[in-house]
Amino acid sequence: MSTNFSSETAIVGIGATEFSKNSGRTPMELAVEACEAALEDSGVAASDVDGIVTFSSEQNFEIEVARNLRIPSLSHFSMIPHGGGAACGTIGQAASAIFSGSANYVLCYRAFNERSWHRFGSGVQDKHGGAEAFDVTFGWTSPFGLLTPASWVAMFATRYMHLSGATSEDFGRVAVTDRRFAATNPAAFFYEKPITLEEHQESRWIVEPLHLLDCCQESDGGQAILVTSLERARDLPNPPAVIASAAQGATDDQQAMRSYYRDDITRIPEMKLCADQLWKNTGLGPSDIQVANIYDHFTPLFLPQLEEFGFCEKGEAKEFLRDGNIEMDGLLPTNTNGGQLGEAYIHGMNGIAEAVRQIRGTSVNQVENVENALVTAGTSVPTSALILSQDR
Amino acid sequence: MNRDLSQTNEPAKTDSERTNFYNSLTSEVGSAGKIEVARDSVSEPVIRSWCDAMSESNPLYISQDFANDSKHGGIIAPPAMLQVWTMSGLHLGDQFQKNTEDSPSAGVYQLLDEAGFTGVVATNATYHYDAVIKPGDLISASQKLLDISEEKTTAIGVGHFVTTETIYFDTSGKQVGSMEFRVLKFRPGTGKKNEQTDQKPPRPKPASNSSTDWFWDACNNKELRIQSCNECTNLQHPPAVRCLSCGSVLLDSITTTGKGSLHSWAIAHYPQVPAFDYPLIVGLVELEEGVRLVSNITDVEPEKLEIGMPLEVHWLNVDNEFTLHQFKPIHDEKQESEFENTKTDDNNDQTFNADQNNSETESAQRHVSKLDPDNVQIGDELPNSPVPITTLLIVSTALATRDYQDVHHDPKAAQSKGMPDIFMNILTSAGIVSRWINDWAGPEIDWSSIELRLGAPNHPDDTMTLSGSVTEKTEHGNQISLVISFLGKNDRGVHVSGNAKILLPENSKED
């Protein structure tokens, strides 16, 4: 399997713009602002940065961001495919580049106006025709009106409900918890706006079985993260958030958003592959994780992720949620920034920043005695995950 | 004529020219044409042919025994045939040489044709039925030009609406009915297709390349094919360029049975894309052969969806450009027949059967139901009835209504007039709606009137689904009349909508 560079690197800087529905400026301005904030947070000069990793859907190319930041040269740069599934993969590839010696300080970022410019949630309704492989994959679903991320996820959700007995209310528990944490996070879009389970149930259908409040809201904003070696990190002002392990996964008959042709579509085998690598590389297990950020672009796929990481048995995530385990006083406080449903949908990068704050002890919803924090990336696409740990 | 070309570079007329033209068009408004006498008297074979084409099985029109015992004492012509009897029929070679003095509308049509308004579509028709027509009656008609609109920009094209009224008489000179008929004479190619409210943009076309074209080509032939491996017999979907089981390049495809079961589904509500109707059911279908594919699940209420329910393929022709697989529930035949037997005024679907071979059993079942006048209420819904539109149906009904216009039987002629294919004529829309209402209300109702508004055309491979409900109920002594509001929708939009007024058989209970 992967080279084990466990605990050789760390996140040393995080920085974000405000999260909104209309930033009023260009995505490039957002990207540069977020990177500047991360550099300032880290105490590292832009001139020391020599690597950039971002992921697809990013329209701000690394060379233009580097130009604006006056980064003199880049010896490592890459763009990982499959959007939000790559969020933790950026940290993994940054760590890998640093471990291999191809870069010393690597910036990872996501910045966009996915709300005020082209709405991300509108899916591929304007995109048809074309003969390239990626276009052709949409040929199997778009002519039937399966055009949006919500609709692609709904197909998994119906089957999952059928086999596990989970209900729409169980999905709602994820949204309610997210919004409860967001309500106390001044940076969150839904600051001071908690919701009830009743409000979740009464919200209109987007794609059955998904209500409006099962879907994260497209956001404008940027988030950047700076990675370097643990050795250098120890000389910088912030306590290092050690990258205990980061992993990517794509598995059998993988499709982008629509892996409908596997034996069991209620599982997330690519997330299981990430989990297996993280546990193996770190020697940790579910009981060693004190706080998590579980990808929540749509609530239904939150549940099988808990199962793939072994926080509960297959099909039992609903009981895990019903018992309040993702709340502040539960077994696994989750999405303490409000998640993507409550804080902002920055394709998972803001969840990594929250895990850094939990390790530093600076979260507005700080969990006590955090040793290890788990973060997962976008589901139903090839995905990634990571564990951040205290430097001991 | 002195046209100042510098003022406009459009070929359109100047305002004053337009006014002059309009004045010449409207000079005949209000005038009536000569009385036209039908070529033949009303006869049973013509009635029978019409009923066959419409799948009308009301015994009052076709069964001597039944009709003799009815209050009419014999067979009557379907009221919806009112217009048929005086249709000019087929005059090969001289069909366009009709004397313009015969009817005022013919003169107006000629003027409009000469001015480039060569397209014609019927938009509205209202029929009033004053007396029953029986075999032996010789029908005559007198047409009056009621109105010609100013030039209008419509979705179909720029044109003039021409409204006529035709009064029909029987041999004795008694008025048996009337028809108000409105057509749009338009300039082909001037339509605003995308702004047409009743016309939806087509669905996204399947993106394809030479590795997958075979799948969509098969769909166009209404064949559901799945990629197969010639070395290990593995089946796989979506197609790949190697066998996903053994790696072989020897890939082929098999024709599936088109049967399967529902593995999962999603019901899309938002965002809404104009090409689709919402809520839209998208299903993940597991075929009998063991592979899955995404399709639409039709002919089922969302709340009736069940994982594992048996499904079978059917086909949707999208704008005559490509054909998509769709799936619908396979009903358990035993359950279905029990359902049929117990049904009274249930809201179940009746399938209009265009397949002439099965019409006997269909018709036997259809007239089991009969309306109880006391129990029918405002708001009662008629059973939804999907009508598969076939070339056979369009052509046979056009001929049965003595309508020989080429757009109803000749695809090339239809295309030259800006339509994608042949389309159903308005006389048939009226006939099919009447047939459907007869099926629901029973054979002994009397027809008072029917009013139709035409929208999206019915082309081959469409399915028009009729729906409707009782919107008025009036009682005069023993006589109960109902108004039924109806809608016939196909994938393009609303084909026909309107109201029908019928009189229920008088209740003899109190004797």
Side-chain angles (χ1 to χ4, degrees), chain A residues 119 121-163 203-212 215 252-255 258-266 298 300, chain B residues 202-213 215-216 219 236-241 244 262-286 290-298 302-303 305-308 316 318 322-327:
Chain A
R119 288 193 67 166
S122 63
V124 295
Q125 53 181 270
D126 304 325
K127 178 181 167 62
H128 34 94
E132 296 293 348
F134 190 61
D135 304 321
V136 170
T137 64
F138 288 108
W140 306 113
T141 44
S142 293
F144 307 98
L146 209 63
L147 294 163
T148 60
S151 70
W152 299 324
V153 167
M155 196 70 88
F156 295 111
T158 304
R159 184 79 187 172
Y160 182 86
M161 292 167 88
H162 175 74
L163 288 189
S203 66
R204 65 187 165 102
W205 291 120
I206 297 299
V207 181
E208 284 179 66
L210 274 67
H211 289 276
L212 174 68
C215 309
D252 68 302
D253 207 358
Q254 181 85 56
Q255 310 269 328
R258 289 151 295 143
S259 298
Y260 297 148
Y261 313 99
R262 296 164 162 170
D263 286 345
D264 185 354
I265 65 165
T266 67
F298 300 101
Chain B
R203 289 172 175 231
K205 207 173 171 163
S208 183
N209 60 25
S210 59
S211 288
T212 56
D213 287 343
F215 180 91
W216 300 111
C219 284
Q236 58 193 28
H237 184 81
V241 296
L244 304 182
L262 187 59
H263 193 74
S264 193
W265 74 83
I267 304 170
H269 293 259
Y270 189 84
Q272 302 202 339
V273 176
F276 298 95
D277 289 326
Y278 293 87
L280 171 71
I281 307 174
V282 188
L284 183 59
V285 179
E286 182 148 309
V291 290
R292 288 184 211 131
L293 48 78
V294 169
S295 192
N296 292 112
I297 312 300
T298 68
E303 54 273 20
L305 289 170
E306 238 176 277
I307 283 181
L316 174 70
V318 183
F322 59 100
T323 301
L324 283 182
H325 54 79
Q326 307 275 284
F327 282 80

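Because only heavy atoms are used, hydrogens play no part in the values below, and waters and symmetry mates are left out as well, while side chains stay in. Residue numbering restarts at 1 for every chain, and letters A, B, ... go by the order of the sequence lines.
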Residues, nucleotides or ligands: over 12 heavy atoms within 6.0 Å of B/E306 CD: no
Looking at A/S142, is its backbone amide N or carbonyl O close enough to the side chain of B/R203 to form a donor-acceptor pair, meaning the two atoms are under 3.5 Å apart? no
Quick check: do A/L147 and B/P204 have side-chain heavy atoms less than 4.5 Å from each other? yes
Once the angle between the rings of B/H237 and A/Y261 is folded into 0 to 90°, is it parallel (under 30°), tilted (30 to 60°) or perpendicular (over 60°)? perpendicular
Tell me, side chain or backbone of A/T148 under 4.5 Å from chain B's heavy atoms, or both, or neither? side chain
Would you name the heavy atoms of B/H269 and A/E208 that are closest together and state the gap between them? NE2-OE2, 2.6 Å
Picking from B/L324, B/V291, B/V318, B/L305, which has the most non-hydrogen pairs under 4.5 angstrom with chain A? B/L324
When rounded to the nearest 0.5 Å, the distance separating CG of A/L146 from CZ of B/F276 is 9.5 Å
In terms of heavy-atom contacts, does OH of B/Y270 have more than 12 from other residues, nucleotides or ligands at under 6.0 Å? no
The interface call for B/L280 against chain A, heavy-atom contacts under 4.5 Å, is side chain
What part of B/Q236 is in contact with chain A, defined as an atom under 4.5 angstrom from a non-hydrogen atom: side chain, backbone, both or neither? neither
Over all heavy atoms of both residues, which pair between B/P238 and A/Q255 is shortest? Give the atoms and the distance, please. CD-NE2, 4.1 Å
So CD1 of A/I265 and CZ of B/R292: to nearest 0.5 Å the spacing works out to 6.0 Å
Where does A/R204 contact chain B at under 4.5 Å (heavy atoms): side chain, backbone, both or neither? side chain
Under 4.5 Å, counting heavy-atom pairs only, tell me which of A/H162, A/M161, A/R119 racks up the most with chain B. A/H162
Quick check for you: to the nearest 0.5 Å, what is the distance between B/L244 atom CG and A/D252 atom CG? 10.5 Å
What residue, out of B/P302, B/A240, B/A268, has the most heavy-atom pairs lying under 4.5 Å from chain A? B/A268
Contact winner vs chain B - A/G121, A/S151, A/G139, heavy-atom pairs under 4.5 Å: A/G139
May I ask you to decide if the ring planes of A/W140 and B/F215 are parallel, tilted or perpendicular, using 30° and 60° as cut-offs? perpendicular
Between B/Q326, B/E286, B/H263, who has the most heavy-atom pairs with chain A when the cutoff is under 4.5 Å? B/H263
State, to 0.1 Å, how close A/M155 and B/S264 come at their nearest heavy-atom pair, and which atoms those are. O-OG, 2.6 Å
Spacing of B/L284 atom CG and A/R258 atom CZ [to the nearest 0.5 Å]: 12.0 Å
What part of A/L212 gets closer than 4.5 Å to chain B, counting heavy atoms only: side chain, backbone, both or neither? neither
Side-chain heavy atoms of A/F144 within contact of B/H325, under 4.5 Å: yes
Contact part of B/L293 toward chain A, heavy-atom cut-off under 4.5 Å: side chain, backbone, both or neither? backbone
May I ask you to check whether over 12 heavy atoms, not counting those of B/E303, lie within 6.0 Å of atom CD? yes
How close do A/P143 and B/K205 get, heavy atom to heavy atom, and via which atoms? CG-C, 4.3 Å
What's the spacing between B/I267 CD1 and A/T158 OG1 if we round to 0.5 Å? 7.5 Å
Counting heavy-atom pairs under 4.5 Å to chain B, which of A/A133, A/G145, A/A157, A/A150 comes out on top? A/G145
Tell me, yes or no, whether the heavy-atom count around A/D264 atom CG, taken from other residues, nucleotides or ligands under 6.0 Å, exceeds 12. yes
Top contributor to chain A interface from B/P271, B/S210, B/S295 [non-hydrogen pairs under 4.5 Å]: B/S295
